[in-house]
There are 2 protein chains.
Amino acid sequence: MKVKITIEYCTLCQWTPRAVWMQQELLYTFNEQIEEIALRPTNGGVFKISVDDQLVWDRKEDGFPEPKAVKQKIRNKIDPERSLGHSDK
Amino acid sequence: MKVKITIEYCTLCQWTPRAVWMQQELLYTFNEQIEEIALRPTNGGVFKISVDDQLVWDRKEDGFPEPKAVKQKIRNKIDPERSLGHSDK
């Protein structure tokens with residue numbers, strides 16, 4: 001089962017590099033499990049990550065995510081048995 | 001009218017960095033006109049760019065695209081009157 005991941009982020013806050021970085025982290029970790037990973041430029045201080053349109057991270061709730069925290073949330077959702085290896089466990 | 005751009009690329013050929021580079025070029029040039037820009041990892045030597053599901057570039061036909069060439073094709077499609085500035089005219 002491949003998933004679609006979406007990163008919605010505020011361009012007025014200059015968060016494009018941060019969104020691209022997170023995208024690459026997720027691409028390398030979940031490469032085989034990703035159908036599509038999309039960036040959605042927006043505004044209003046948004047930085048949200050969704051999997052198949054279900055929100056897994058919202059900056060306004062939990063602050064800026066470290067890749068490890070996001071990877072664990074996505075792993076728990078799409079492949080709970082999988083170990084993320086020594087750095088992202 | 002905002003558009004969805006898709007970059008489908010072969011991961012076995014290690015083209016993730018190239019796809020992310022093209023994505024950023026298009027994001028910075030068409031920022032206000034992009035609803036979403038998605039990466040779709042695949043295999044088989046594919047490197048294709050589509051706008052609203054219409055193919056604008058296929059590596060197998062035209063080789064690897066320079067950003068300038070892709071930007072001109074996208075501009076001609078979504079905003080024919082727009083100048084792309086001195087480097088991408």
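Order of the sequence lines fixes the chain letters, A, B, ..., with proteins taken first and strands second; residue numbering starts at 1 for each chain. All figures in this text were calculated on a predicted structure; none of them were measured in a lab.
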| query | Non-hydrogen atoms of chain B under 4.5 Å away: do they reach the side chain of A:Leu27, the backbone, both or neither? | reply | side chain
| task | Treating Ile, Leu, Val, Met, Phe, Trp and Tyr as nodes and any side-chain heavy-atom pair under 4.5 angstrom as an edge, say whether A:Ile74 and A:Val3 lie in one connected cluster. | result | yes
| Side-chain heavy atoms under 4.5 angstrom apart, residues restricted to Ile, Leu, Val, Met, Phe, Trp, Tyr: same cluster for B:Trp21 and B:Phe64? | no
| note | Across all chains, not counting sequence neighbours, the side-chain hydrogen bond (donor to acceptor under 3.5 Å, both in side chains) partners of B:Lys48 are none
| field | Nearest-0.5 Å distance, CD1 of residue B:Ile5 to CG of residue A:Leu39 | value | 11.0 Å
| message | As an exercise, state the distance from CD1 of B:Ile7 to CD of A:Glu36, rounded to the nearest 0.5 Å. | response | 11.0 Å
| query | Among B:Thr42, B:Thr6, B:Val20, who wins on heavy-atom pairs under 4.5 Å with chain A? | reply | B:Val20
| Can you tell which of B:Glu32, B:Lys4, B:Lys2 has the highest number of heavy-atom pairs within less than 4.5 Å of chain A? | B:Lys4
| field | Hphob cluster co-occupancy, B:Ile37 + B:Ile78, side-chain heavy atoms under 4.5 angstrom | value | yes
| request: Over all heavy atoms of both residues, which pair between A:Glu35 and B:Pro41 is shortest? Give the atoms and the distance, please. | output: O-CD, 3.8 Å
| Is there a chain of hydrophobic side chains (I, L, V, M, F, W, Y, each step under 4.5 Å between heavy atoms) that links A:Leu84 to A:Met22? | yes
